[in-house]
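Taking it in order: structure first as structure tokens, then the write-up.
Just so you know, ligand 1 is whichever comes first in the structure, and atom 1 is the first atom listed for that ligand. Computed from a predicted structure; not experimentally measured.
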Amino acid sequence: MDCCCGVLVRGGSCCSALTLCLLDSWKRAELLKKAAAELREHATHIARVMMDEVAKPYAAAFSEVLRTADLFEYTAEEGVRVSGELQLSDAFPGEKRNKLALVQRVPLGVIVAIPPYNYPLNLAGSKVGPALMAGNSIVMKPPSAGAVTCLLGIGAIMHLAGAPPGLINVVTGKGSEIGDYLTQHRDANAVSFTGGGTGLRVAKGAGMIPLQMELGGKDPALVLPDCNIEKTAAALVKGAFSYSGQRCTAVKVIYMIEKDGELSAKILPLILEGVKKLRVGMPWEDKVDITPVIDGKSAAFIKGLVDDAQAKGAKLELPEGGWKQSGNLIHPVVLTGVTQEMRLMYEEQFGPVLPIVSVPSVEEAIELANASPLGLQASVFTQDIDAAMSISDALQAGTIQINGAPARGPDHFPFQGFKDSGLSSQGVRYSIEKKKKRKKRQRAVVAGREVQHRKRP
Ligand code: G3H
């Protein structure tokens, strides 16, 4: 940002790239649509790179590229329709109709975007697309693992689509060095960040600028005795183990509501059966489900959580024969008898581990779930819609899924974390609005005569 790639700087002065801000909205939309077409054209190549970089199964990597192309197209359509409003003074008590306000939404300037490794393209695109349609320029710092995917999928693709130099910038480097530099830079006008534990540091360092933060989850699933057993088991397995549990929206703990183990007796065998069917292997293998976690540090952390739970009395239901790992490839783990003393109850495992807690009442499950400092999403499985509605009222999370596993998408839905899980909403329109600010032009008006409608003959 020292070379002035921004628009309106924090200090209030303008820089030479002001013209970027003036790139017409329809031109920005065209640019995004072209980028979507380029993504589709190069989907196979980008997916392979993503697979190699972050060990995402090829099919999931490929679908992430297409999801991002869809996101760009939707954002282009939505972005041209986000405009301002006109207000008249006589709406407020005691006021005459003698003032009007033209409320415009103007770009913030330079958006610093920091996506995570687990969606190196889609979560990059969900920051870049809306920021662009809101009229901003972007400086993106890709995750260290996933940097090549970002360089190709955002940097090169935007270049191919015809983005003018300086509009979208990709700067690689370590988060602790370059990430801090960018988020604390006085030319940064907003930060859009997705990541784990460093969120608070980013927020403190960035200071008084708009922040959009997605900071992890410990999404609880509350399973009631009257749930649809087969569908619930399938949703839990998929929710916990997709991309080897490395999703902020993964099911990270199940609260089985039961007094006598009756519910577990029915549903646990189905969960275990589903988990046993998951194919463990390398990301390029056909129809693989569980692939290596991102690095050795992460694998060691996950093992530490499981060891701690077992040492404190949890029962390892899977893998049969005990913990199984080769390199960073961890075979899926299901633990029952998990209790509050165990780290797994509240620490985010971000790996293929599903802890199950038995609780005697819904009230207790809500209390335990709400005791987590995180509040991204939660799910409730029951066929009693009234119970589902009142439980979701009580749960402190940004999204409550009823009879479904947590998920961020569809990408135009609002997506927000409560508590330490984040700040502000994502979702196409919400993200565009977040990256603009309101500017008002107010003027006195002479109250005119009402236009008389022509009488119908
Ligand atoms: O890891 C965080 C992502 O926002 C989760 O996205 O629900 O589409 O997997 P997802």
Side-chain angles (χ1 to χ4, degrees), residues 47 50 53-57 59-72 74-75 113-130 142-143 145-146 149-150 153 192-199 202 212-221 235-252 283 289-291 293-294 298 302 348-354 374-379 397-402 404-428 430-431 434:
M50 192 192 306
E53 260 198 311
V54 300
K56 185 168 277 200
F62 187 76
S63 99
E64 181 172 339
V65 181
L66 300 189
R67 177 180 177 180
T68 310
D70 291 343
L71 173 86
F72 278 178
Y74 188 97
T75 306
I114 306 188
Y117 77 81
N118 64 343
Y119 282 93
L121 182 61
N122 183 261
L123 276 170
S126 70
K127 297 174 190 315
V128 169
T149 307
C150 272
S192 181
F193 173 87
T194 302
T198 49
V202 171
Q212 191 179 38
M213 315 279 280
E214 182 194 338
L215 305 175
K218 183 73 189 176
D219 298 4
L236 292 171
V237 173
K238 188 167 185 285
F241 293 102
S242 297
Y243 188 37
S244 311
Q246 297 175 111
R247 299 166 51 238
C248 57
T249 48
V251 171
K252 305 242 172 64
D289 300 294
I290 304 291
T291 52
V293 296
I294 196 68
S298 178
I302 295 164
E348 187 182 9
Q349 59 268 45
F350 227 71
V353 175
L354 178 58
L374 298 173
L376 187 60
Q377 298 207 353
S379 42
T399 301
I400 315 296
Q401 306 274 354
I402 296 173
R408 170 165 48 104
D411 290 345
H412 65 304
F413 279 12
F415 174 53
Q416 54 282 310
F418 284 7
K419 302 193 280 186
D420 293 353
S421 279
L423 279 178
S424 176
S425 290
Q426 294 180 77
V428 173
Y430 309 94
S431 286
K434 180 77 189 174

**Message:** Just to verify, what does Thr68 make a side chain to side chain donor-acceptor pair (under 3.5 Å) with, not counting sequence neighbours?
**Reply:**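 Asn122.
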
**Prompt:** Once the angle between the rings of Tyr117 and Phe350 is folded into 0 to 90°, is it parallel (under 30°), tilted (30 to 60°) or perpendicular (over 60°)?
**Reply:**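 Ring orientation of Tyr117 relative to Phe350: perpendicular.
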
**Prompt:** Within 45° of the six-membered ring axis of Tyr119 and under 6.0 Å from that ring's centre, is NZ or CZ of Lys56 located there?
**Reply:**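 Checked: cation-pi criterion met.
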
**Request:** Scan side-chain atoms only and decide if Gln416 and Gln426 contain a donor-acceptor pair under the 3.5 Å cut-off.
**Result:** no

**Request:** Decide whether Gln212 and Ser424 meet the rule of one side-chain donor and one side-chain acceptor closer than 3.5 Å.
**Result:**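 Not at all, the side chains of Gln212 and Ser424 share no donor-acceptor pair under 3.5 Å.
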
**Request:** Check the surroundings of atom NZ in Lys238: do more than 12 heavy atoms from other residues, nucleotides or ligands lie under 6.0 Å from it?
**Result:**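 Result for NZ/Lys238: open.
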
Run through all N or O atoms in ligand 1 and write down each protein N or O closer than 3.5 Å, as a pair with its distance.
unit_1   : atom_1 : unit_2 : atom_2 : d
ligand 1 : 1 (O)  : Asn118 : ND2    : 2.7
ligand 1 : 1 (O)  : Cys248 : N      : 2.8
ligand 1 : 4 (O)  : Glu214 : OE2    : 2.6
ligand 1 : 4 (O)  : Arg408 : NE     : 2.8
ligand 1 : 6 (O)  : Arg408 : NE     : 3.0
ligand 1 : 6 (O)  : Arg408 : NH2    : 3.4
ligand 1 : 7 (O)  : Arg247 : NH2    : 3.3
ligand 1 : 7 (O)  : Thr249 : OG1    : 2.6
ligand 1 : 7 (O)  : Arg408 : N      : 2.7
ligand 1 : 8 (O)  : Arg67  : NH1    : 3.0
ligand 1 : 8 (O)  : Arg67  : NH2    : 3.2
ligand 1 : 8 (O)  : Tyr119 : OH     : 3.4
ligand 1 : 9 (O)  : Tyr119 : OH     : 2.4
ligand 1 : 9 (O)  : Arg247 : NE     : 2.6
ligand 1 : 9 (O)  : Arg247 : NH2    : 3.3

